[in-house]
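Written below as structure tokens is the structure these notes are about.
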Amino acid sequence: MIYSRNRRLRVNESMRSLVKECTLTTNDFVMPIFVMEGENKQEPILSMPGIFRRSIDLTVKECKELFALGIKAVNLYMKVSDDLKDNTGKEAWNKDGLMQNTIRAIKDAVPEIIIMSDVALDPYSMYGHDGIIENGKIVNDATNEALARMSVSHAEAGADVVAPSDMMDGRVKIIREALEENGFINVGILSYAAKYASSFYGPFRSALDSAPKDDMEIPKDKKTYQMDFHNSREAMNEVFKDIEEGADIIMIKPGLPYLDIVTKVREAIDLPVAVYNVSGEYAMVKAAAKEGWLDNDKTIIESLTCIKRAGADMIFTYFAKEAAMILNR
Ligand code: PBG
């Protein structure tokens, strides 16, 4: 005789809804957005079907739509033109730069939406690296100074949260100090604490034309600063250091192949945990759905729910808008 029947709690949708352990909502989403120069311009990103680079005016329009759908936050990335790229990143703290103008325009039109700004030099680097290069090596501390200037200029423009995605050591502390010194006591830091050197970033790099350049003199990959995907304990070390230095939110990246790290970090800390469902994860689902091999909508909702179940408080995802439309149906 069987007494314990787990299927009793799965008999129908009402019963299943009572025992559901987590529920995905639009409050969980941060939509990453790609911005470019120009007016009334929109370019598709071929490796990310359904995702576009847009000029500021169309970006503002998009933010209005996102907020109306219930998405409370965007994370901004800039497509910087080649003639503004160098080895110092100085365009990154230009008061009239693309990022600064975008932040002001969004704040003006959609003041309630939380603006997170990407802080990293790669879109501004002639080498496609997240750091300044000297003698063929990425130099940590000089890069931190640049990241601090960049962060302050984003805060001046109106960013709510600065999000350093570079993986230099000690940058959270330098950025926090710079923000405090300049009076931006309420601007938060979302630190990419455990960010792995991952092949899943491929489509993103083509979106911004920010891949490391294939030059003999410089490293061809980001393995001297981003983490090795063989490692898990090392992630804890990264997370605890960033918390000590003043991070407000901790990011784990990528998402789906790294959910063991997400759960481990969630169990170890009490700060909010953000997880990045990255460009390659997006591209995989889109490619398979286009072939008819996966159900687009169901796969999206399952992927994002599983990231939440693993421990994410917020999910950076290119699916945010589409998922919001599915959830709002
Ligand atoms: C670089 C940066 C990357 C992503 C966000 N910021 C790529 C990289 O580290 O080379 C990837 C995001 C994605 O793949 O969706 N600072």
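This chain uses plain numbering: 1 for the first residue, then up along the sequence. As the structure is a prediction and not an experimental result, all values here were calculated from the model. Counting starts at 1 for both ligands and their atoms, in listed order.
Listed by number with element, the atoms of ligand 1 under 4.0 angstrom from any heavy atom of Q226 are 8 (C), 9 (O). Against a heavy-atom cut-off of under 4.0 Å, V278 is close to the following atoms of ligand 1: 13 (C), 14 (O), 15 (O). Atoms of ligand 1 lying under 4.0 Å from at least one heavy atom of S165, given by number and element, are 1 (C), 6 (N), 16 (N). In summary, the atoms of ligand 1 found under 4.0 Å from a heavy atom of D130, numbered by their order in the structure, are 1 (C), 16 (N).
Distances between N or O atoms of Y192 and those of ligand 1 include no value under 3.5 Å. No N or O atom of D166 sits closer than 3.5 Å to an N or O atom of ligand 1.
Considering M251, R205, H129, K253 only, the shortest heavy-atom separation from atom 5 (C) of ligand 1 involves K253. With atom 3 (C) of ligand 1 as the reference point, the heavy atom nearest to it among F204, F316, Y77, Y196 is part of F204.
Of all protein heavy atoms, the one closest to atom 14 (O) of ligand 1 is S279 OG, 2.7 Å. Protein heavy atom in closest approach to atom 1 (C) of ligand 1: D122 OD2, 2.8 Å. Looking from atom 15 (O) of ligand 1 to the surrounding protein, the closest heavy atom is Y318 OH, 2.6 Å. Here the heavy atom of the protein found nearest to atom 8 (C) of ligand 1 is K222 NZ, 3.2 Å. For atom 2 (C) of ligand 1, the nearest non-hydrogen atom of the protein is K195 NZ, 3.2 Å.
With a 4.0 Å cut-off on non-hydrogen atoms, A120 touches ligand 1 through its side chain and not its backbone. Only the side chain of Y276 comes within 4.0 Å of ligand 1, judged by heavy-atom distances.
Relative ring orientation between Y192 and F316 is described as perpendicular, the plane-to-plane angle rising above 60° on a 0-90° scale split at 30° and 60°. Between F204 and Y77, the angle of the ring planes goes over 60°, which puts this pair in the perpendicular group of the 30/60° scheme.
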Verdict with supporting geometry, K61 and D57, salt bridge (charged side-chain N to carboxylate O under 4.0 Å, His left out):
CA-CA 7 Å; K61 190 166 160 255; D57 50 340; over 6 Å; no
Assess whether salt bridge (charged side-chain N to carboxylate O under 4.0 Å, His left out) is satisfied between E322 and K286, documenting all intermediate values.
CA-CA 12 Å; E322 209 179 344; K286 282 292 166 195; 2.9 Å; yes
Give the intermediate values and the outcome of salt bridge (charged side-chain N to carboxylate O under 4.0 Å, His left out) for residues D297 and R329.
CA-CA 12 Å; D297 294 7; R329 241 178 237 154; 3.2 Å; yes
Show, in sequence, the C-alpha distance, side-chain angles and deciding distance for K321 and E65, and conclude whether the salt bridge (charged side-chain N to carboxylate O under 4.0 Å, His left out) test is met.
CA-CA 9 Å; K321 189 178 189 187; E65 282 179 38; 2.8 Å; yes
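The number of heavy atoms from other shown groups lying within 6.0 Å of CG (N186) does not exceed 12. Within a 6.0 Å radius of CZ in F240, other residues, nucleotides and ligands contribute more than 12 heavy atoms. Around CD of E180, the count of heavy atoms belonging to other residues, nucleotides or ligands within 6.0 Å exceeds 12.
The cationic group of K195 lies under 6.0 Å from the six-membered ring centre of Y201 and within 45° of the ring axis, placing it in a cation-pi geometry.
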